[in-house]
Amino acid sequence: LRRTGQRFDRARAALVRLEQAVDICYDADLRLYFPWMAGPLGDAYAMAGRVADAVPLLTRAMEQTKAMGTVFFQTLCRLSLGEAQMLAGRLEEAQTTAERALALAREQQERGHEAYALRHLGDIAARREPPESELAEDHYQQAVALAEELGMRPLVAHCHLRLGNLYLKSGRRDEARAELSAAIELYQAMDMTFWL
């Protein structure tokens, strides 16, 4: 729901249903379905600040997809796991996970996942101490270009927001203003009021 720009109140209701679905997968030993439920649940946990719950759940989901040979879902699980690792402050693990997600996305020609992996690599570079601003900027710009080509407007808006924040931190006010204005315009057009 976060990626498509839908409202967070709807995401809370989905969280409860995902928890129930994961419990059913555990109880009935439904290994095939577990990653499909655990991946989005782990992602929701990470976005809710529950990274201690997210990382092990997403790790298990990724291991299950690898065991089943489900390449498509491996990329998505890696993206979610990498984001949870980043939020937990485990930047080296997040970097490795995101790089592998990007490689898998490119191997499998999953261009939407490729755009998300580029954005995630930008986030990791921006969080480093000191920030790797040029690398972050490059990743964000690549993500914007690909997301625009694919019509992924929420991702485009998020990348403009991140670029704007990155430019603000480095004192590039005019560029920051342009990026933040682009993000605001997109968020308003998509009624993504939470991000405003």
Side-chain angles (χ1 to χ4, degrees), residues 1-12 14 39-40 42-49 51 54 75-76 78-89 91 94-95 97-106 109-196:
L1 292 171
R2 172 179 53 87
R3 290 191 174 127
T4 59
Q6 294 183 23
R7 297 172 53 132
F8 278 86
D9 55 342
R10 292 176 62 191
R12 283 188 206 100
D43 194 34
Y45 281 161
M47 294 302 98
V51 292
T75 308
L76 187 56
R78 284 183 189 277
L79 287 170
S80 295
L81 176 59
E83 192 151 345
Q85 290 168 329
M86 181 188 70
L87 293 171
L91 295 184
Q95 178 83 29
T97 303
E99 287 171 350
R100 184 63 185 136
L102 179 61
L104 275 173
R106 286 177 171 165
Q109 298 178 5
E110 299 170 9
R111 299 184 74 220
H113 289 154
E114 179 181 349
Y116 275 108
L118 288 164
R119 191 265 311 153
H120 182 49
L121 286 166
D123 289 348
I124 294 166
R127 283 185 181 238
R128 296 217 180 258
E129 286 298 328
E132 297 175 348
S133 299
E134 289 181 21
L135 184 59
E137 180 180 7
D138 183 54
H139 286 309
Y140 289 144
Q141 289 175 345
Q142 287 181 58
V144 166
L146 185 53
E148 283 179 340
E149 180 184 336
L150 298 173
M152 300 170 70
R153 292 173 59 208
L155 180 58
V156 172
H158 293 327
C159 288
H160 282 302
L161 174 63
R162 285 165 166 86
L163 277 166
N165 288 330
L166 186 69
Y167 293 153
L168 274 176
K169 289 177 184 174
S170 59
R172 297 162 63 181
R173 292 182 182 269
D174 290 340
E175 291 167 286
R177 187 176 293 113
E179 293 295 338
L180 293 173
S181 294
I184 289 168
E185 186 177 316
L186 282 165
Y187 288 140
Q188 287 174 334
M190 293 180 286
D191 196 29
M192 291 174 65
T193 56
F194 174 85
W195 295 99
L196 294 172

(request) Give a yes or no on this: more than 12 heavy atoms of other residues, nucleotides or ligands lie within 6.0 Å of atom CD of Gln141. (result) yes
(request) Apply side-chain contact (heavy atoms from CB on, under 4.5 Å) to the pair Met47 and Leu87, showing each step before the final yes or no. (result) CA-CA 9 Å; Met47 294 302 98; Leu87 293 171; 3.5 Å; yes
(message) Let me confirm one number: the CG-CG distance from Leu76 to Leu104, rounded to the nearest 0.5 Å.
(response) 11.5 Å
(message) Is it the case that the side chain of Tyr116 and the backbone of Ala143 share a donor-acceptor pair, with hydrogens and angles ignored and the cut-off at 3.5 Å?
(response) no
(message) A side-chain contact here means heavy atoms from C-beta on lying under 4.5 Å apart; do Trp195 and Ile184 qualify?
(response) no
(request) Any chance you could measure Arg173, atom CZ, to Leu168, atom CG, to the nearest 0.5 Å? (result) 7.0 Å
(message) Show the nearest heavy-atom pair for residues Gly122 and Ala136, with the distance to one decimal.
(response) O-CB, 3.4 Å
(message) Salt bridge check, Glu83 against Arg119: does any charged N sit closer than 4.0 Å to a carboxylate O?
(response) yes
(request) For residues Arg78 and Ala101, report the shortest heavy-atom separation together with the two atoms involved. (result) CB-CB, 3.8 Å
(message) Within the 4.5 Å heavy-atom criterion, are Tyr167 and Arg177 side-chain neighbours or not?
(response) no
(message) Measuring only between side-chain heavy atoms, which start at C-beta, is Leu91 closer than 4.5 Å to Met86?
(response) yes
(request) Kindly indicate, with the supporting measurements, whether the criterion side-chain contact (heavy atoms from CB on, under 4.5 Å) is fulfilled by Arg100 and Thr75. (result) CA-CA 8 Å; Arg100 184 63 185 136; Thr75 308; over 6 Å; no
(message) Quick check: do Leu155 and Leu150 have side-chain heavy atoms less than 4.5 Å from each other?
(response) no
(request) Decide yes or no for Leu102 and Glu114: does some side-chain heavy atom of the first lie under 4.5 Å from some side-chain heavy atom of the second? (result) yes
(request) Over all heavy atoms of both residues, which pair between Gly82 and Ala94 is shortest? Give the atoms and the distance, please. (result) O-CB, 3.4 Å
(message) I'd like to know whether CD of Glu134 has more than 12 heavy-atom contacts from other residues, nucleotides or ligands below 6.0 angstrom.
(response) no
(message) Nearest 0.5 Å, please: how far is CG in Leu163 from OG in Ser133?
(response) 11.0 Å
(request) Could you pull out the closest heavy-atom pair between Arg162 and Asp123, with the gap in Å? (result) NE-OD1, 2.6 Å
(request) Using a 4.5 Å cut-off on heavy atoms from C-beta on, say whether the side chain of Glu149 contacts that of Arg111. (result) yes
(message) Which heavy atom of Val51 sits nearest to which heavy atom of Ala84, and what is that distance?
(response) CG1-O, 3.9 Å
(request) Determine whether Leu180 and Asn165 make a side-chain contact, defined as any pair of heavy atoms from C-beta on separated by less than 4.5 Å. (result) yes
(message) Taking the six-membered ring for Trp, are Tyr187 and His158 closer than 6.0 Å centroid to centroid?
(response) yes
(request) Mind checking the NE2-SG spacing from His139 to Cys159? Nearest 0.5 Å is all I need. (result) 11.5 Å
(request) Report yes if the side chains of Pro131 and Lys169 come closer than 4.5 Å at any heavy-atom pair, otherwise no. (result) no
(request) To the nearest 0.5 Å, tell me how far Met152 CE sits from Leu146 CG. (result) 7.5 Å
(message) Let me confirm one number: the CD-CD distance from Gln85 to Gln95, rounded to the nearest 0.5 Å.
(response) 11.0 Å
(message) Looking at every heavy atom in both Glu137 and Leu166, which two are closest together, and how far apart are they?
(response) N-CD2, 3.7 Å
